[in-house]
Amino acid sequence: QVRLMESGGGSVQAGGSLTLTCEASGYTATSGCMAWFRQVEGMKREMVAEIEFRGTTTYADSAKGRFTATRDNTKNTLHLQMNNLKPEDTAMYYCAAHDGDYCYGGNPVLFGDWGQGTQVTVSL
């Protein structure tokens with residue numbers, strides 16, 4: 001299995017930037033899809049960005065133009081560069097992975113491997 005560990009969360013003011021990192025250990029070759037999700041208490045978990053093994057990405061509408069997901073398969077790392085952060089970006093951010101060849105739309109039920117989450121808080 002794959003173990004995932006997120007880092008890079010924190011508190012920033014609106015308009016600021018953060019870079020999240022997900023480190024994967026274990027057998028990562030099966031992680032054809034990796035993704036970032038976020039969740040606010042009482043709300044459903046939503047996909048923010050997903051990236052396939054070769055780098056094809058898909059973003060939530062709210063993230064387009066502001067967030068960039070990348071993965072380095074040689075280092076087994078996943079990143080999310082977040083720019084121009086807004087208060088509505090405040091959430092717990094999770095790294096996730098599954099062994100499919102493609103991301104299949106970022107449905108969270110398809111992801112069997114999850115990190116513990118890292119908190120992002122954006123203040124006015």
Side-chain angles (χ1 to χ4, degrees):
Q1 70 170 17
V2 177
R3 289 183 175 272
L4 306 172
M5 181 68 71
E6 304 95 334
S7 63
S11 298
V12 297
Q13 293 186 6
S17 299
L18 284 174
T19 300
L20 305 183
T21 297
C22 174
E23 297 183 46
S25 60
Y27 186 65
T28 60
T30 59
S31 298
C33 178
M34 299 190 74
W36 291 99
F37 288 81
R38 65 187 181 190
Q39 186 171 27
V40 177
E41 184 177 359
M43 304 294 290
K44 67 178 182 180
R45 190 167 297 186
E46 65 173 351
M47 188 272 289
V48 178
E50 57 185 8
I51 183 167
E52 296 170 347
F53 188 82
R54 294 298 183 95
T56 300
T57 54
T58 302
Y59 298 94
D61 287 341
S62 60
K64 290 180 180 177
R66 299 189 299 123
F67 294 4
T68 303
T70 56
R71 62 188 289 174
D72 187 336
N73 297 321
T74 64
K75 298 180 179 179
N76 296 323
T77 56
L78 172 71
H79 303 277
L80 184 67
Q81 176 65 51
M82 303 186 293
N83 297 322
N84 192 25
L85 284 162
K86 304 175 180 179
E88 50 263 45
D89 295 318
T90 296
M92 184 73 73
Y93 283 71
Y94 297 91
C95 175
H98 70 69
D99 60 2
D101 291 335
Y102 306 100
C103 285
Y104 303 109
N107 188 336
V109 305
L110 299 177
F111 291 83
D113 300 308
W114 294 87
Q116 84 291 346
T118 185
Q119 178 68 222
V120 171
T121 302
V122 184
S123 302
L124 290 173

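The analysis underlying the following values was restricted to heavy atoms, covering all of them including side chains, and did not include hydrogens, waters or symmetry mates. Quick caveat, the model's predicted, so the values are computed rather than measured.
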Nearest heavy-atom contact between Thr57 and Ala69 is CG2-O, 3.8 Å
Looking at Thr70, Thr21, Thr68, which hits side-chain hydrogen bond (donor to acceptor under 3.5 Å, both in side chains) with His79? Thr21
Do any N or O atoms from the side chain of Gln119 and from the backbone of Gly9 form a donor-acceptor pair under 3.5 angstrom? no
Spatial distance of atom CD (Glu23) from atom CG (Asp72) [nearest 0.5 Å]: 11.5 Å
Evaluate whether atom CD of Glu46 has more than 12 neighbouring non-hydrogen atoms of other residues, nucleotides or ligands under 6.0 angstrom away. yes
Is any side-chain heavy atom of Ser62 closer than 4.5 Å to a side-chain heavy atom of Arg38? yes
Are the side chains of Met82 and Asp89 in contact, using a 4.5 Å heavy-atom criterion? no
Please determine whether the number of non-hydrogen atoms from other residues, nucleotides or ligands lying under 6.0 Å from atom CD of Gln116 exceeds 12. yes
State, to 0.1 Å, how close Tyr59 and Ala49 come at their nearest heavy-atom pair, and which atoms those are. CD2-CB, 3.5 Å
Among the clusters formed by ILVMFWY side chains lying less than 4.5 Å apart, do Leu4 and Val48 turn up in the same one? yes
Please verify the inter-ring angle class for His98 with Tyr104; under 30° counts as parallel, over 60° as perpendicular, anything in between as tilted. parallel
same_hphob_cluster(Tyr102, Leu110) at 4.5 Å side-chain heavy-atom cutoff: yes
Identify the heavy atoms of Ala14 and Leu124 that sit nearest to each other, and give their distance. CB-CA, 4.5 Å
Compare every heavy atom of Val122 with every heavy atom of Lys86, then report the nearest pair and how far apart it is. O-CB, 3.3 Å
Quick one: does any side-chain atom of Arg45 pair with a main-chain N or O of Phe37 as donor and acceptor, under 3.5 Å? no
Would you give the length of the straight line joining atom CG of Asp113 to atom CE of Met34, rounded to the nearest 0.5 angstrom? 8.5 Å
If I take atom SG from residue Cys103 and atom CZ from residue Phe111, how far apart are they, to the nearest 0.5 angstrom? 5.5 Å
4.5 Å side-chain heavy-atom contact, Trp36 and Phe67: no
Ser17 and Asn84 have their tightest heavy-atom pair at OG-N, 4.2 Å
Linking I/L/V/M/F/W/Y whenever any side-chain heavy atoms sit under 4.5 Å apart, do Val2 and Leu80 land together? yes
Hydrophobic clustering (ILVMFWY, side-chain heavy atoms < 4.5 Å, transitive) - are Met92 and Leu18 grouped together? no
Considering all heavy atoms of both residues, which atom of Tyr93 and which atom of Glu6 are nearest to each other, and what is their separation? O-OE2, 4.0 Å
